[in-house]
Amino acid sequence: MNKTLLAIALCLAVSITAIAQRSMPQAMQKLLNAEYAISSLYVDSVNEDKLIEDAIKGMLENLDPHSSYTDAKETKELEEPLQGEFSGVGIQFNMNKDTLYVIQTVPGGPSERVGVLAGDRIIYVNDTTIAGVKMKNSDIQKRLRGKKGTQVTIKVQRPGVKDLITFRITRDNIPLHSIDAQYMLDDHTGYLRISRFGAKTHEEMIDALKQLKKQGMTQLVMDLSDNGGGYLNAAIDMCNEFLDRGQLMVYTEGQNSPRNEAHANGWGEYKDLPLVVMVNQYSASAAEIFAGAMQDWDRAVIVGRRTFGKGLVQRPFKFEDGSMMRLTVARYYTPSGRCIQKPYDRGNKKAYEKELLDRANEGEYYSLDSIQFNDSLRYTTRLNGRTIYGGGGVMPDVYVPIDTTEYSTYYRDMTAKGIINQFAIQYVDKHRKSIAKQYKTVKDFDRGFTVSDEMMRDFIAMGENDSVKYDEEKYRTSERLLKDIIKGLIARDVYGDQSAYSVIINHRNRDLKAATEVLNDPERYRRLITEGNPEYERLVKHSATKQ
C-alpha cells in the first residue's frame, strides 16, 4: 500500500471511530477509553480478558444480590444440575478417611455394567492415587467425569478380596434427578421430595405421581424444603398440573420488561388432589413461585417456616467464551400480586446473605411469637379471600418451629468431624450382607433394625479416637437423634438414597408430622383453605402507610 492510500485508510479509520463514539453513550465511551488506556499504557503487562471480567463483576456487584457473572467453568458447573444429566462413570460416593467409598452405582450405568459394587473403595484413577491424599471431591469428580464414550481405568479395593480389582469404564450420560424421594406415607398419602427445578423436573414429577397413584395415593405431601429453585418454566409447568384453566400462575414485570403472565391451560390431572406443600427458610425462587401460586389460589396448605424471599428474575447472557452474565431484568409476582423478594440494599451483598442468620438470632425459626406481620403487606387469596402476607418470602399457613431440644455440642462435634457418616460406612462394610439378608426391604429394616447400645459404645470410641471427648449428659441429650441418623445412613448405604429419607424423615421431621396431621384432618384442612390461620391475627403490626 502506498503512502497516499495508507493516509486515506488511517483517516477513514479515525472518522469511523469518531462517528461510532458520537453515537455511543458517554458512559460507554468512558469505559472503553479507560480499558484502552490501561491495556496500551500501563507500566506492567495486563490480562485484557480479566480486566473486562473484573469490570463486569464490578458493575453487577453494585446492583441487586442476584445479578452475577460466571466464567466458562463456573457456568458449566452451575448449569449441569439443572440440565438433568452429565457424562461420567455413574457412582454415588462418599469420602471415608480420605478414601472414596462407593455408596451405590447408578442402575444400568457404566460402573454397574462392568461390575463395580457398593462398598468398593476406589484407590487409583488412571494410575493416579486418590486414596489417602486428601484430594477435594471436586478434583476427584474431574478425574471420573468426562466426555461420553471416553474411557477411564479405576482400581478398587473390595472387602474380602486380597488384590486390587481393575475396571475399565466407558463414560456415558448419567441422569441427575430432581426428585430425591417418593413413597407412600400410609395407605392414602403420597410423599414427594423435589430438590431443584430443572429441565426434567416436570416430567419426573408426572412419572412419580403416576406411580404413587397406582399405590393408592388420594392425597399428597410435596416437600420443597431446602429447594433453592432453578428454572422458572419448570415451576410453571408444575403449577399447571394443579390449577384450573385460566388461573394466573405467576407474572413478571420490570422497568424495561413489560408484564408477562402465565396462565394454567386446564389440562392438569391433579386439580382436585388434596395437597400440602412443605417449605422452609431455604426454599427459594421457583420453589416460592409454586408455593405462592398454590397458596394464592387456596389450592394447598403451606406448612413449615417462611421461605427465603427471592423474587427477582435473572436473564442469562452467554458470551462466546462460555462465560455468562445473569442479569436481573424483572420481579416476579404471585397471583395475588405479592412480590416476595425480601428487602436489600444495593451493593451490600454481605448483609443480604446474613439475613437468614438474623432471622435465627431474632427467634423466627423457634417461636411464632417472635414474628410480626405488617398489615401494610396484607394480601388476600384469589378464591376465598383469606389473609396472606408479602414482603419477603412465603409465610406458611401452618408454622412449625425448629426443635433444638436434642441438639448438643457433643452432637455438633461428632457431626462436624464426620464421625456419624464414618461409623455408618464402617458398620455397613462389616454387615451389608447380613442386613440385606435379614431385612429384604427398607420397610422391613425400618421396623426391625435397632441401633444397639453396643453400636453406640463403638460410635463413642470412634469419636474419642478423633479427639471428640465423651460427655455423658450431652450424649444423653442427643442419643435418640444420633441413633436415628445412624440408622438412616445405614439404610441409605444398603438400600439406596431414598431409604434415608423414609427412615429418618418419617420419624423425625416435625414439618412432615404437621403436614400429615393437616391432610388426615379434612375439617382442619378445609378451614385453613377457606379461612386461613386465625392465630396469625394477633401477630399483626398495624401501620398507617401501604408499602
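- Of the possible polar contacts, none joining the Lys342 side chain to the Gly393 backbone as a donor-acceptor pair under 3.5 Å is found.
- Using modelled atom types and a 3.5 Å distance limit, the side chains of Thr477 and Ser408 yield no donor-acceptor pair.
- Around atom NE2 of His188, no more than 12 heavy atoms belonging to other residues, nucleotides or ligands sit under 6.0 Å away.
- Around atom CZ of Arg510, more than 12 heavy atoms belonging to other residues, nucleotides or ligands sit under 6.0 Å away.
- Side chain of Ser195 to backbone of Asp180: no donor-acceptor contact under 3.5 angstrom is found.
- For the pair Arg305 and Asp511, the minimum side-chain heavy-atom distance is below 4.5 Å.
- Ionic pairing of Lys57 and Glu61 is not present here: no N-O contact between side-chain nitrogen and carboxylate oxygen is shorter than 4.0 angstrom.
- Summarising the geometry, atom OG1 belonging to Thr218 is positioned 7.5 Å from atom CG belonging to Leu273; distances are rounded to the nearest 0.5 Å.
- At a threshold of 4.5 Å between non-hydrogen side-chain atoms, the residues Ile435 and Tyr439 count as touching.
- Ion pair Asp358/Lys354 flagged as a salt bridge, since at least one NZ, NE, NH1 or NH2 atom sits closer than 4.0 Å to an Asp/Glu carboxylate oxygen.
- With 3.5 Å as the limit, one finds no donor-acceptor pair spanning the side chains of Thr381 and Asn384.
- Counting only heavy atoms from C-beta outward, the side chains of Ser257 and Thr252 never approach each other to under 4.5 Å.
- One finds a salt bridge joining Asp226 and Arg193 here, because a Lys/Arg side-chain nitrogen approaches an Asp/Glu carboxylate oxygen to under 4.0 Å.
- Looking at Glu364 and Ser370, their side chains never bring a donor and an acceptor atom within 3.5 Å of each other.
- The shortest side-chain heavy-atom distance between Tyr379 and Thr334 does not fall under the 4.5 Å cut-off.
- Not a single donor-acceptor pair under 3.5 Å links the side chain of Lys487 to the backbone N or O of Val503.
- Sparse packing is recorded around NZ of Lys513, with 12 or fewer heavy atoms of other residues, nucleotides or ligands lying under 6.0 Å away.
- Within a 6.0 Å radius of CZ in Arg524, other residues, nucleotides and ligands contribute more than 12 heavy atoms.
- The line from CD of Gln281 to CZ of Arg359 is 7.5 Å long, rounded to the nearest 0.5 Å.
- If you check the side chains of Gln314 and Thr328, you find a donor sitting under 3.5 Å from an acceptor.
- Side chain of Glu537 to backbone of Pro534: no donor-acceptor contact under 3.5 angstrom is found.
- Ring centers of Tyr191 and Tyr183: under 6.0 Å apart, within the cut-off.
- Between Leu327 atom CG and Leu63 atom CG the span is 7.0 Å, to the nearest 0.5 Å.
- Judged by distance alone, the side chain of Tyr332 and the main-chain N or O of Lys310 form a donor-acceptor pair under 3.5 Å.
- Taking CD1 from Ile302 and CD1 from Ile388, the interatomic distance works out to 10.0 Å, rounded to the nearest 0.5 Å.
- Asn227 has its side chain out of reach of Met222: every pair of non-hydrogen atoms, C-beta onward, lies at least 4.5 Å apart.
- Separating the CD atom in Glu288 from the CD atom in Gln341 is a distance of 8.5 Å, to the nearest 0.5 Å.
- The two residues Glu406 and Ser478 make their nearest non-hydrogen contact at O-OG, 2.6 Å.
- By the neighbour-count criterion of 12 heavy atoms within 6.0 Å, atom CZ of Arg331 is sparsely surrounded, having that number or fewer from other residues, nucleotides or ligands.
- Looking at Asn348, its side chain does come within 3.5 Å of a backbone N or O of Ala351 through a donor-acceptor pair.
- Between Glu473 and Arg476, no side-chain nitrogen of the basic residue sits less than 4.0 Å from a carboxylate oxygen of the acidic one, so the salt-bridge criterion is not met.
- At a threshold of 4.0 Å, the pair Glu353-Lys350 does not count as salt-bridged, since none of the basic side-chain nitrogens sits closer than that to a carboxylate oxygen.
- A distance of 13.5 Å separates CH2 in Trp297 from CD1 in Ile529, rounded to the nearest 0.5 Å.
- Under a 3.5 Å cut-off, the side chain of Arg508 and the backbone N or O of Asp484 do not form any donor-acceptor pair.
- Judged purely by atom type and a 3.5 angstrom limit, Arg299 uses its side chain to pair as donor or acceptor with the backbone of Phe242.
- At least one side-chain heavy atom of Met184 sits under 4.5 Å from a side-chain heavy atom of Leu212.
- With hydrogens and angles ignored, the 3.5 Å screen pairs a side-chain donor or acceptor of Tyr525 with a backbone N or O of Leu275.
- Ring centroids of Tyr427 and Phe459 are separated by 6.0 Å or more, keeping the two rings apart.
- No side-chain N or O of Tyr231 forms a donor-acceptor pair with one of His202 less than 3.5 Å apart.
- Heavy atoms from other residues, nucleotides or ligands lying under 6.0 Å from NZ of Lys483 number more than 12.
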